A.B. asks: 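Below is a structure I'd like to ask you about.
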Amino acid sequence: MSNEEKILSSNFIRNIIADDLKQNKNEGRVHTRFPPEPNGYLHIGHAKSICLNFGIAEEHEGGLCNLRFDDSNPEKEDLEYVEAIKEDVRWLGFDWQDRLFFASDYYLQLYDYAVILIRAGKAYVESLSLEEIREYRGTLTQPGKASPDRDRSIEENIDLFERMRSGEFEDGKYILRAKIDMASPNMNLRDPAIYRIKKAHHYRTGDEWCIYPMYDFTHGISDALEGITHSLCTLEFEDHRPLYDWFLEQLPIPCHPQQIEFSRLNLSYTVTSKRKLNELVTGGYVDGWDDPRMLTIAGMRRRGYTAAAIRDFCERIGVTKNDTIIDMSVLENCVREDLDKTTRRVMGVLKPLRVVIENYPDDQSEELDAPYHPNDPDMGSRIVPFSKVIYVEHDDFMEEPPRKFFRLGPGREVRLRYAYFITCNEIIKDEHGDVVELRCTYDPETKGGNAPDGRKVRGTIHWVSAEHALDAEVRVYDRLFNDPEPDSNQHDRDWKEFLNPESIEILDNAKLEPSLSKAKAGDQFQFERLGYFNVESKNSKAGKPVFNRTIPLRDSWSKKR
RNA sequence: UGGGGCGUGGCCAAGCGGUUAAGGCACUGGGUUUUGAUCCCAGCAUUCCCAGGUUCGAAUCCUGGCGCCCCAGCCA
């Protein structure tokens with residue numbers, strides 16, 4: 001049989017598509033699209049949409065998924081975002097092949113469709129001001145009233161619309177509105193704007209246009225032009241579906257995709273909104289869109305989260321219309337699960353404590369062979385040098401250890417991983433009373449980590465030979481927010497007040513085993529007993545690499561205390 | 001007393017009139033272990049927002065409540 005055919009959990013969208021296929025709807029085609037606006041970087045919520053849209057296409061024979069940039073607002077969009085988004089989608093493992101589209105490529109067609117609407121008496125040029133339009137629109141409980149321009153003649157509408165396009169009017173002077181129903185209980189149907197004047201430079205069409213179509217008008221038509229069968233979007237567009245359908249019903253387009261809405265992703269202890277992430281970036285709260293603490297795709301990549309882990313996560317959380325907050329531990333579990341099986345184990349000491357092994361010969365050192373993965377011999381092994389002076393983790397020593405502490409303490413014996421048993425004999429402190437060095441003895445009979453007399457030790461700790469150590473900087477990250485729901489409307493404080501001031505800790509004096517000197521940017525490792533780390537792509541220098549802690553190991557000890 | 005949605009364990013989620021109400025995360029206990037990791041095994045909803053009703057039988061159908069989310073951009 002073929003390799004692991006993954007059993008996919010059913011969800012309401014998969015069920016709808018399965019039914020459609022059963023009825024041979026759309027001639028059996030399945031064609032989706034991922035339609036980002038290039039106004040920021042993609043985040044974990046977009047990953048859900050990407051996995052859904054591209055995933056559904058992949059699940060069906062002949063299924064296709066387009067990448068389409070929904071760029072109808074020149075003031076917010078930029079080529080930088082287009083490039084970043086393409087990279088992110090590719091990195092996640094998806095391929096749009098030759099189907100890269102831009103709504104801005106449809107501007108002329110969109111304009112022609114607007115003219116068709118006007119000629120059919122279904123759209124008119126509005127001269128009311130923004131404020132007046134708001135007034136005329138009514139409220140949630142009161143119907144709106146007709147604008148005086150609602151009955152403008154078709155000829156006049158055509159003339160005005162052409163002049164809007166030619167640049168005759170200033171921004172805001174006119175808009176083109178669909179003529180639907182000012183009394184509709186659905187606000188979106190109260191004659192929504194479909195074109196506005198914006199004398200702005202567009203990152204793709206330049207100054208060719210000074211009027212730009214609105215989302216509702218653009219999106220459905222773009223879907224239809226591309227032959228999309230299922231147009232998946234988030235719940236806030238549910239109220240827009242009647243409008244989506246209305247445009248396609250009015251226009252001579254022989255394709256009417258089905259819009260299906262699902263709930264957007266919320267994760268505890270973070271924010272998943274492009275607007276808020278943008279605010280963190282521009283406000284200098286983080287180090288750019290790819291800050292490893294950000295749940296942007298670029299940030300997660302830099303942090304060391306893998307595409308496979310993110311895809312797995314998106315499958316595990318499911319797709320529904322429920323308003324939910326996924327526990328961050330689900331994502332973290334996916335990351336650990338993937339890294340556990342793919343990553344080499346090495347030793348590194350984050351907060352070094354010097355240990356002198358008094359009975360070890362002064363000028364001796366030996367090379368110990370240590371496997372890269374205890375459960376996967378195929379990963380091979382590397383040489384780890386051992387010598388008289390080593391570093392151990394400061395946290396692995398306690399002067400007055402509690403009863404269940406298995407590590408180093410006065411008079412205690414522990415195993416140095418893959419090396420020897422050592423016993424702590426003496427503690428050396430500085431003038432502040434801080435422990436700065438340990439004097440230990442080793443048992444030469446325990447080489448490799450086993451005592452011939454059958455004696456057991458409870459603790460095994462990691463270490464690095466001082467003279468062979470590679471100096472490194474390690475960046476340890478924690479959650480970006482202290483509150484599980486920083487942007488909850490239950491709070492009366494601004495969401496940024498919940499930023500965790502300790503979300504990054506820079507350890508400038510880490511000591512790593514020498515095999516790591518060959519590590520390249522992006523390489524990932526497990527530092528035994530600590531967690532998973534990768535070589536930071538931006539700040540590493542030759543001879544002084546920077547490592548990001550992707551995620552710590554699960555730690556039932558710290559939980560117990 | 002506008003409209004549109006949603007409500008299954010701590011967090012997700014399958015379930016589509018007959019199942020002991022899947023599964024994952026979290027948590028708890030036990031086993032293996034030279035990472036207090038991984039792995040393994042076990043436990044974790046007499047009940048599906050509430051109340052009525054239909055039915056031999058309801059998380060699934062009906063009625064009525066309650067709670068939460070979204071909508072009054074010339075943003076998407």
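Chain A is the first sequence line, chain B the second, and so forth, proteins listed ahead of strands; every chain is numbered from 1. Since the structure is predicted, the reported quantities are computational estimates derived from the model, not experimental observations.
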A.B. asks: Would you mind reading off the distance between E513(A) atom CD and U35(B) atom C1', rounded to a whole angstrom?
C.D. replies: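 Value for this atom pair: 13 Å.
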
A.B. asks: Does G36(B) have its OP1 or OP2 closer than 4.0 Å to a side-chain nitrogen or oxygen of R529(A)?
C.D. replies: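 Indeed, a polar side-chain atom of R529(A) lies that close.
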
A.B. asks: Under 4.0 Å, counting only non-hydrogen atoms across every strand here, what does L368(A) touch: a base, just sugar-phosphate, or nothing?
C.D. replies: nothing

A.B. asks: To the nearest Å, give me how far apart CD (Q259(A)) and C1' (A76(B)) are.
C.D. replies: 12 Å

A.B. asks: Identify whether any heavy atom of R417(A) sits under 4.0 Å from a base atom; if not, whether one sits that close to sugar-phosphate; answer base, sugar-phosphate or nothing.
C.D. replies: base

A.B. asks: With P as the reference atom in both, quote the distance from A21(B) to U46(B) in angstrom, rounded to an integer.
C.D. replies: 11 Å

A.B. asks: For G5(B) and C61(B), measure between their P atoms and round to the nearest Å.
C.D. replies: 16 Å

A.B. asks: Contact class for N450(A) (heavy atom, under 4.0 Å): base, sugar-phosphate, or nothing?
C.D. replies: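 Answer is base: heavy atoms of N450(A) come under 4.0 Å of a base.
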
A.B. asks: When you check the phosphate oxygens OP1 and OP2 of C6(B), does a side-chain N or O of T320(A) lie under 4.0 Å from one of them?
C.D. replies: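 Answer is no, no contact under 4.0 Å.
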
A.B. asks: Across the strands shown, which category fits N39(A) at heavy-atom distances under 4.0 angstrom: base, sugar-phosphate, nothing?
C.D. replies: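 Answer is nothing: N39(A) stays at 4.0 Å or more from every strand.
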
A.B. asks: Counting only side-chain nitrogens and oxygens, does S10(A) get under 4.0 Å of the OP1 or OP2 atom of G15(B)?
C.D. replies: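 Looking at the OP1 and OP2 atoms of G15(B), one of them is under 4.0 Å from a side-chain N or O of S10(A).
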
A.B. asks: Looking at every heavy atom in both S72(A) and T218(A), which two are closest together, and how far apart are they?
C.D. replies: CB-OG1, 4.0 Å

A.B. asks: Using a 4.0 Å heavy-atom cut-off across all strands, classify I197(A) as base, sugar-phosphate, or nothing.
C.D. replies: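 Here I197(A) touches no strand at all.
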
A.B. asks: Checking base pairs now: Watson-Crick or wobble, both atom distances under 3.5 Å. What partners C74(B)?
C.D. replies: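 For C74(B), the partner nucleotide comes out as none, under the 3.5 Å rule.
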
A.B. asks: Touch check for H240(A), heavy atoms < 4.0 angstrom, all strands: base, sugar-phosphate only, or nothing?
C.D. replies: base

A.B. asks: Ring centres under 6.0 Å, that's the criterion: do F237(A) and Y244(A) meet it?
C.D. replies: no

A.B. asks: Could you tell me how far apart R264(A) (CZ) and C71(B) (C1') are, to the nearest whole angstrom?
C.D. replies: 15 Å

A.B. asks: Does K447(A) come within less than 4.0 Å of E366(A), counting only side-chain N to carboxylate O?
C.D. replies: yes

A.B. asks: Using a 4.0 Å heavy-atom cut-off, does E75(A) contact any base of the nucleic acid, only the sugar-phosphate backbone, or nothing at all?
C.D. replies: nothing

A.B. asks: Expressed as a whole number of angstroms, how long is the span from I317(A):CD1 to A26(B):P?
C.D. replies: 16 Å

A.B. asks: 5'-most contact on RNA chain B: L530(A) or D340(A), nearest heavy atom basis?
C.D. replies: L530(A)

A.B. asks: Between C25(B) and A42(B), how far is it from one P atom to the other, in whole Å?
C.D. replies: 14 Å

A.B. asks: Under the criteria of a ring-centre distance below 5.5 Å and an interplanar angle below 30°, is W557(A) stacked with the base of G36(B)?
C.D. replies: yes

A.B. asks: Y195(A) pairs by ring-ring contact (aromatic ring centres under 6.0 Å, His included) with which of F161(A), Y113(A), F169(A)?
C.D. replies: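 So the option named by the test is F161(A).
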
A.B. asks: Given that F527(A) and D239(A) both sit by RNA chain B, which one's nearest nucleotide is further toward the 5' end?
C.D. replies: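 Comparing both residues, the 5'-ward one is D239(A).
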
A.B. asks: Is there a Watson-Crick or G-U wobble partner for A42(B) with both distances under 3.5 Å, and which nucleotide is it?
C.D. replies: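 Result: U28(B).
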
A.B. asks: Need one value for D19(A): base, sugar-phosphate or nothing, where a base atom within 4.0 Å counts as base even if backbone is also close, heavy atoms only.
C.D. replies: nothing

A.B. asks: Give a yes/no on whether any side-chain N or O of N15(A) is located under 4.0 angstrom from OP1 or OP2 of G15(B).
C.D. replies: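 It does, given that an N or O in the side chain of N15(A) lies less than 4.0 Å from OP1 or OP2 of G15(B).
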
A.B. asks: Any strand counts, and the cut-off is 3.5 Å on both contacts for Watson-Crick or G-U wobble. Which nucleotide pairs with C66(B)?
C.D. replies: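 Pairing partner, where one exists within any strand: G7(B).
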
A.B. asks: Give Y418(A) one of three labels, base, sugar-phosphate or nothing, depending on what nucleic acid heavy atoms sit under 4.0 Å from its own.
C.D. replies: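 The residue Y418(A) makes base contact.
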
A.B. asks: Hey, is the side chain of R554(A) poking within less than 4.0 Å of OP1 or OP2 on A26(B), counting only N and O atoms?
C.D. replies: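 Yes, because at least one side-chain N or O of R554(A) sits under 4.0 Å from OP1 or OP2 of A26(B).
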
A.B. asks: Answer with base, sugar-phosphate or nothing: what part of the nucleic acid does S72(A) contact at a heavy-atom distance below 4.0 Å?
C.D. replies: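 Contact class for S72(A): sugar-phosphate only.
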
A.B. asks: Under 4.0 Å, counting only non-hydrogen atoms across every strand here, what does K341(A) touch: a base, just sugar-phosphate, or nothing?
C.D. replies: nothing

A.B. asks: Ignoring the backbone of R137(A), work out which of U35(B), G36(B), A72(B) is nearest its side chain.
C.D. replies: A72(B)

A.B. asks: With a non-hydrogen cut-off below 4.0 angstrom, is N322(A) in contact with a base, only sugar-phosphate, or nothing?
C.D. replies: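 If one applies the 4.0 Å heavy-atom cut-off, N322(A) turns out to touch the sugar-phosphate alone, with no base involved.
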
A.B. asks: Would you classify G29(B) as syn or anti? Syn applies when the glycosidic angle is within 90° of 0.
C.D. replies: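 Anti for G29(B); the angle lies over 90° from 0.
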
